[in-house]
Amino acid sequence: MIKTRFAPSPTGYLHVGSLRTALYCYLFAKKNKGKFILRIEDTDQERFVEGAVENLLSTLSWVGLNYDEGLMEDGKEVGENGPYIQSKRKNIHLENAQKLIDSGHAYRCFCSKERLTKMREIQAKNKQAPMYDRKCLDLPESEINAKLSSGEPYVIRQRMPYDSIRFKDIIRGNMQFDGKTIDDQILVKSDGFPTYHLANVVDDHLMEITHVIRGEEWLPSTPKHIALYQAFGWDVPEFAHLPLLLNPDKTKLSKRQGHVAVEEYIKEGYLKEAVINFVAFLGWNPGSGEQREIFTLKELEKIFELKKVHKSGAVFNIEKLDWFNWQWHKKKFNEEMTVLAKELDKNVEITNRGFDFSNQEAEEAFLLKKGKKLKKYAAGFIPKEYENTPELLTRALSMLDEKILKNKKETAKNLAFFFNYPEYSKELLTNKKMKVDLNQAYISLSESLKDIKKIEDWTLQNLKESLFETVKRLDVKNGQVFWPLRAALSGMQFSPGVFETAWALGKEESLSRIAQALKKLQ
RNA sequence: GGCGCCAUCGUCUAUCGGCUAGGACGCUGCCCUCUCACGGCGGAAAGAGGGGUUCGAUUCCCCUUGGCGCUACCA
């Protein structure tokens, strides 16, 4: 049975790079009908951050990466190989460290940090690789006991075998490291806690992890881990080292160059589907000429292959994330709107341009419901004062679906003109390209005003009919009527279309704005 | 400095030795159109360099160059 694990350390938040690691671990396990487990690696007491574990778990659950074993959100642990919080496994680690001392694969080191620093300085000066000089390797038993009983602090170091170590990485193929260049790793710190290296190996073994999938930054320490497995006499798991996620300048993705915490993206309103989809494609691709890019988690579970993960790092390109987000927003919203439209009108026709309703009532009801839905989507980006006229707000929002779905942060900006008629010069009502001069604008506005005044039922349909009638009567091009009218209604160079704008504003306000525009032209 | 990893458009990538090097993001032209947007159709844009192997290399090997990672009593 294949078993993978995601083993984050709770240092504050879930990093997007970690999210991808977790995703790949999850996908690989799912694809192979294996198990995915979560272990908290909190052996570094100095870096402990309050609330970090909770944060990690809730973020993981937000994206939907469920695990079969590990610490659950309610604080309970699930699985037979617990505890899944590393600090609770301290004794297990220490027992195993002792075994290593007994078998000669590890030794106590009493060197002070000062001595070690000095030693490294000298080595650096001599252009040597900084490595522990094994001063404490062959300390006589009597001396060790004396130091121990006098309470001198010590660490436990792994005695590296100095043989060259080879292994096969699933992603990178054959790896080889010269054993002589590998430092005697500290296994247990002087505070009595194990380091990552010991704890990770012991726990992975005890938890029966078959595939260690982790970031490339661990590649150089993999030989140390393999040496440990061998020292213990344990089976060595398979390794897969994932390429790094990069900043635009190609350095390891960091906080300094943009958002790196998954929760930031949640806060910004990114959809989990988009985040997962985007992150899955950073460093992996279904290959075989597949050109589709939009995939659900479920679909990814079926097609994911570790062997197709790349070797080189991938730049985290926020613009592409935005595109994925937009695709997903659109997809989900359209699905919801289709359901809604069918509910309201059994005979609605779905065209690639939108919905054709069989009756006006259905369309009007649809628009209002759509507006309300969008209000929820853009929650937090709508100024409070707009809530004072909720009907206007709903109608206005219903016309801004694409803009809101694309970037809800600009909702207030897009909404403003509906609520406050902007100041503008009469030139806005003209358009050279469309052959609308001041005179034409005056004619178009006064004639269309005359027509729409007669509309009793202020519906989108009626507005369209009425205004096309105006165009026909004046015998001009659509734009010659619609441009000045849209400009007059919105007071803006860019806005939703005429019909939509007029409909949203309502009859009274529309007539008033047209009248005000006409005044400018007199 | 030492050790290691990596190398196709600006970015994410396809290619299992035959390539007029494909797609996506971004950029851009045109069309649609009452503006913006959406949508549709195009365009510019890539195999780091040098050696091999081969009838033929982006693809396999070597070197160079470049980039990155690790080099803590952090993970």
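Letters go in sequence order (proteins before strands), and every chain restarts at 1.
Within the nucleic acid shown, A/S9 comes within 4.0 Å of sugar-phosphate atoms alone, with no base atom in reach, counting heavy atoms only. The residue A/T43 sits close only to the backbone: its heavy atoms come under 4.0 Å of sugar-phosphate atoms, none of a base.
Pairs passing the salt bridge (Lys or Arg N to Asp or Glu O under 4.0 Å) check and including a residue from residues 151-166 of chain A, sequence neighbours excluded, read A/K147-A/E152.
What separates CD of A/Q257 from P of B/rC68 is a distance of 11 Å, to the nearest Å. Atom-to-atom, CG of A/L244 to P of B/rA7 comes out at 14 Å; the value is rounded to the nearest Å. Going from atom CD of A/Q176 over to atom C1' of B/rC3 covers 13 Å, rounded to whole Å. Distance A/F177 CZ to B/rC5 C1': 8 Å, rounded to the nearest Å. We find that CG of A/L400 is positioned 13 Å from C1' of B/rC38, with the value rounded to whole Å. Rounded to an integer number of Å, the gap from A/Y196 OH to B/rA75 P is 10 Å. Nucleotide B/rA72 holds its C1' atom 10 Å from the CZ atom of A/R157, rounded to whole Å. B/rC3 atom C1' lies 16 Å from atom NZ of A/K127, rounded to whole Å.
Using modelled atom types, no side-chain atom of A/D42 and backbone atom of A/I85 make a donor-acceptor pair closer than 3.5 Å.
Nearest to the side chain of A/P220, among B/rC74, B/rG26, B/rC70, sits B/rC70. Distance from the side chain of A/V155 is smallest to B/rC73 among B/rA75, B/rC73, B/rG23. Checking B/rG69, B/rG1, B/rC5 against every side-chain atom of A/A129, the shortest atom distance belongs to B/rG1.
The stretch residues 109-117 of chain A touches RNA chain B through A/C111, A/K113, each having a heavy atom under 4.0 angstrom from the strand. Near RNA chain B, meaning a heavy atom under 4.0 Å from it, residues 324-338 of chain A has A/W326, A/K330 in order of number.
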### Task
Classify every nucleotide of nucleotides 11-17 of chain B by which part a protein heavy atom approaches to under 4.0 Å, writing B for the base, S for the sugar-phosphate alone and - for neither, in 5'-to-3' order.
SSSSS--
### Query
Could you write nucleotides 28-37 of chain B as a row of B, S and -, 5' to 3', where a protein heavy atom under 4.0 Å of any base atom gives B, of only sugar-phosphate atoms gives S, and otherwise -?
------BBBB
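Note on A/R5 versus A/D203: no salt bridge recorded, every NZ/NE/NH1/NH2 to OD/OE distance being 4.0 Å or above.
The number of heavy-atom neighbours closer than 6.0 Å to CD of A/E335, taken from other residues, nucleotides and ligands shown, is above 12.
Residue A/K224 places no side-chain N or O under 4.0 Å from the OP1 or OP2 atom of B/rC70. Between A/R120 and B/rA72 there is a side-chain N or O to OP1 or OP2 distance below 4.0 Å.
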### Message
Before you tell me yes or no, could you show the steps for A/F482 and A/F468 under ring pair (Phe, Tyr, Trp, His ring centres under 6.0 Å), namely the whole-Å CA-CA distance, both residues' side-chain angles and the distance that decides it to 0.1 Å?
### Response
CA-CA 9 Å; A/F482 296 163; A/F468 273 114; 5.4 Å; yes
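Not counting sequence neighbours, the partners of A/T296 by the side-chain contact (heavy atoms from CB on, under 4.5 Å) test are A/K298, A/E299, A/W328.
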